[in-house]
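Working notes for the structure below.
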Amino acid sequence: MSTDTSRQPAARNLLIGVTGGIAAYKVAALVSTLIQRGDDVVVAMTEAATRFIGETTFSSLTGRPVLIDPWNVDDGHASPHVHLAEWADAMLIAPCTMDMLSKLALGRTDDPVSLLAAAIDRSSTPVLLAPSMNAVMLSQPATRRNMTQLDQDGYILIEPSQGWQACRSEGQGRLPEPAELIAALDEA
């Protein structure tokens, strides 16, 4: 009997940041798949993300509390963002909205997702961004500028997909499917 381990990486500690875009629903399937394959996952959400999908969904899938308030210390660590940043093998922010791209490019940390990303040493721990927004927002000069800056700052950008969007139009800006996001995490 052959045991081929080349298809699935060893279990990892993963941070998943969810921001306020309609594609947040896809992240539940992503988290479920990661948990089922043995990864340990902690989810952080912006307040806007909770308008699209509930924190109970993610706490049920991960068996862990969801970080929605960076000031709430449930795990005994005075600075949960620093502890989690050191714990993580990688972080993925999906969907990564135009607003989150801007926050990260400017170094703002006024929500749990951007705070976690800022606490991670990107020279040793990859932080992947999966931009997701409608095609017009994606093509804005500010968005393109921020994406260029984030690439230079050491973030790994996952190219948005082309197709039907929630705004009832076609174009680039869709969040890639969970399998594509997992492949990007595995590669990183």
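When reading the values below, keep in mind they use all heavy atoms of this one structure, side chains included, and skip hydrogens, waters and symmetry mates.
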Check Ala11 against Gly38 and note the closest heavy-atom contact, atom names and distance.
-> CB-O, 3.1 Å

With the side chain counted from C-beta on, respond yes when [X] and [Y] share a heavy-atom pair under 4.5 Å apart, and no when they do not.
X      : Y      : answer
Met147 : Asp151 : no
Met45  : Val113 : no
Phe58  : Val27  : yes
Leu101 : Cys96  : yes
Arg144 : Leu138 : yes
Leu84  : Glu86  : no
Ile156 : Val127 : no
Tyr155 : Leu104 : yes

Can a donor-acceptor pair be found between the side chains of Thr148 and Gln152 at a distance below 3.5 Å?
-> no

State yes or no: do [X] and [Y] share one hydrophobic cluster built from I, L, V, M, F, W and Y residues joined by side-chain heavy-atom distances below 4.5 Å, directly or via other members?
X      : Y      : value
Leu128 : Met91  : no
Val41  : Val66  : yes
Leu116 : Leu129 : yes
Ile93  : Ile182 : no

Between Arg12 and Asp40, does at least one N-O distance fall below 4.0 Å, as a salt bridge requires?
->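 Asp40 and Arg12: not salt-bridged.
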
Testing Leu14, Leu61, Val42 for side chain to side chain contact (heavy atoms under 4.5 Å, CB included) with Val31, which one passes?
->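 The residue from Leu14, Leu61, Val42 that satisfies side chain to side chain contact (heavy atoms under 4.5 Å, CB included) with Val31 turns out to be Leu61.
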
Residue of the set Leu150, Leu157, Leu175 for which side chain to side chain contact (heavy atoms under 4.5 Å, CB included) holds with Pro131 = Leu157

Can you tell me how far apart [atom1] ([X]) and [atom2] ([Y]) are? Round to the nearest 0.5 Å.
X      : Y      : atom1 : atom2 : answer
Met133 : Thr143 : CE    : OG1   : 5.5 Å
Leu30  : Leu185 : CG    : CG    : 7.0 Å
Ser102 : Gln149 : OG    : CD    : 11.5 Å
Asp89  : Ser124 : CG    : OG    : 10.0 Å
Ser59  : Leu67  : OG    : CG    : 12.5 Å
Phe52  : Thr57  : CZ    : OG1   : 14.5 Å

Residues in side-chain hydrogen bond (donor to acceptor under 3.5 Å, both in side chains) contact with Glu180, at least two apart in sequence or another chain =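 Expected list: none.
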
Residues in side-chain hydrogen bond (donor to acceptor under 3.5 Å, both in side chains) contact with Ser114, at least two apart in sequence or another chain = Asp111

Is a donor on one side and an acceptor on the other found under 3.5 Å between the side chain of Asn134 and the backbone of Val136?
-> yes

Return yes if some donor-acceptor pair links the side-chain N/O of Ser32 with the main-chain N/O of Ala28 below 3.5 Å, else return no.
->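 A pair under 3.5 Å: no.
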
Please tabulate, one pair per line, all N/O donor-acceptor pairs under 3.5 Å involving side-chain atoms of residues 15-24, not counting sequence neighbours.
residue : atom : partner : partner atom : Å
Thr19   : OG1  : Pro95   : O            : 2.3
Thr19   : OG1  : Thr97   : N            : 3.3

Is it the case that more than 12 heavy atoms not belonging to Arg122 sit under 6.0 Å from its CZ atom?
-> yes

